[in-house]
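Right, one structure below, let's go through it.
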Amino acid sequence: MGIRRGSLDAPLLVRALRSHADGLSEWTGFKASDWEPTLNEHGRIRSITATVETLEEFSWTQGDARMTLTTHWEGRNGRAGLHVDESVTLASDFGESRSVEDHLAQHRKVRSLLVLIFGRGIYFRKHEVKDEAFGPESLSDDEPRLSLLDWQHLVTRSTVREQSNATPDSNLLRRDGLVGLADVEVGGLERWAQLPDQWKRVIDPTVGLLMRERPTVEDVVISTNLSLEAAGHLLPPAPNEEETCVGGTRPTTATWVLRCLARTGLNFSAFADSTVGLARAVANNYNGIKHFDRGELPDLVHTWLIGQVSLLTVRVVALRELETDSGLLSDFAASELARDLSGDFEGEQLCIGRDGQFHSTVS
């Protein structure tokens, strides 16, 4: 980090903080480079003109901060040829100097969204800060001071260990992402930032799960169903949910799961006789793992399948909170997600009956 004016004992307060993180390029689709070939008379490439510049930018309000996604590039020297690393960065600006943790709290909200969009851990790779405290004293008060300052590299204890995690494959990120920035738009990001505090109980258990390497199948079911239980309390009643209630009125775990399944809008009929039956199967597996007095743990394959259903359900339920009236997931996208799940069940030759039990599909 550069030299900071003032007392070293004073808390570190910065006007802007910029993060480099996994998935930002794939999510936004932003590019900093453009390559234009010139062909000869035989239609072969004669030359290539490369233009690299910081062009694309996207901003929204998140709490007291102004958040911005921007293309970023750096040239690399040391060997022959043209070598440019390009990426997308996330920056926050409160309009005044604030603590690094205030900035990181806003960055983590976006990171949690990306974790759910991609269904995998998303890690911070580098942080940089800007503040007048790192600038020359010769800047006059009427100059646009912040824009004249260089970004200063920042290492923070709360995220430095994340850099040791393997960088996810870009092709896998593009394949697994449920929605892109163009689908979410400014309104969706602002809705995400304004979700009530109760939604942390929906988001945090599953994000925490996905940030861990190689969780067990039981971990997947437990963490995702903590999220489903919380979401079920926040969502409106679902069709036929009285079938999951004790005496038709007292909700059970299956009731909360059913509300979430209904909220996704996904069609589960390829592997489940009914959504009520699927909700019962999820609840049975979850309770079978959670409660000591249920005897042996549920079948490992059953648990893996229930974990896949639960994980996708949490991801889609959370993303539905970003929606405008036009909807976020198209009918085609929703059917593709359900088809992926049905492939898992088909591969194991299993389906779920209305009674909430697994049944073989082999005659």
Quiz prompt | Atom CG of Asp197: over 12 foreign heavy atoms under 6.0 Å | solution = no

Quiz item: Is any NZ, NE, NH1 or NH2 atom of the basic residue among Arg125 and Glu162 found under 4.0 Å from an Asp or Glu carboxylate oxygen of the other?
Solution: no

Quiz item: So do the side chains of Ile352 and Gln357 get within less than 4.5 Å of each other, counting heavy atoms only?
Solution: no

Quiz item: Step by step, would you call Glu241 with Arg259 a salt bridge (Lys or Arg N to Asp or Glu O under 4.0 Å)?
Solution: CA-CA 8 Å; Glu241 75 169 45; Arg259 291 182 180 183; 2.9 Å; yes

Quiz item: Would you say Arg98 and Gln106 make side-chain contact, with heavy atoms under 4.5 Å?
Solution: no

Exercise. Run through Ile289, Val257, Leu311 and flag the one making a side chain to side chain contact (heavy atoms under 4.5 Å, CB included) with Asn225.
Key: Val257

Quiz prompt | Short N-O contact, Arg280 and Asp355, less than 4.0 angstrom | solution = no

Quiz prompt | Atom NZ of Lys200 with >12 non-hydrogen neighbours under 6.0 angstrom | solution = no

Quiz item: Would the number of heavy atoms belonging to other residues, nucleotides or ligands and lying under 6.0 Å from CD of Gln163 be above 12?
Solution: yes

Practice problem: Flag the pair Glu101 and Arg108 as a salt bridge only when some basic side-chain nitrogen lies within less than 4.0 angstrom of an acidic carboxylate oxygen. | Solution: yes

Practice problem: Test Ser92 against every option in His103, Gln62, Arg15 by the side chain to side chain donor-acceptor pair (under 3.5 Å) rule and name the one that passes. | Solution: His103

Self-check item: Verdict with reasoning, Thr68 to Leu90, per side-chain contact (heavy atoms from CB on, under 4.5 Å)
Solution: CA-CA 6 Å; Thr68 304; Leu90 172 67; over 6 Å; no

Quiz prompt | Distance-only polar pair, side chains of Gln349 and Thr361, donor-acceptor under 3.5 Å | solution = no

Quiz item: Does Arg354 pair with Glu243 as a salt bridge, N-O distance under 4.0 Å?
Solution: yes

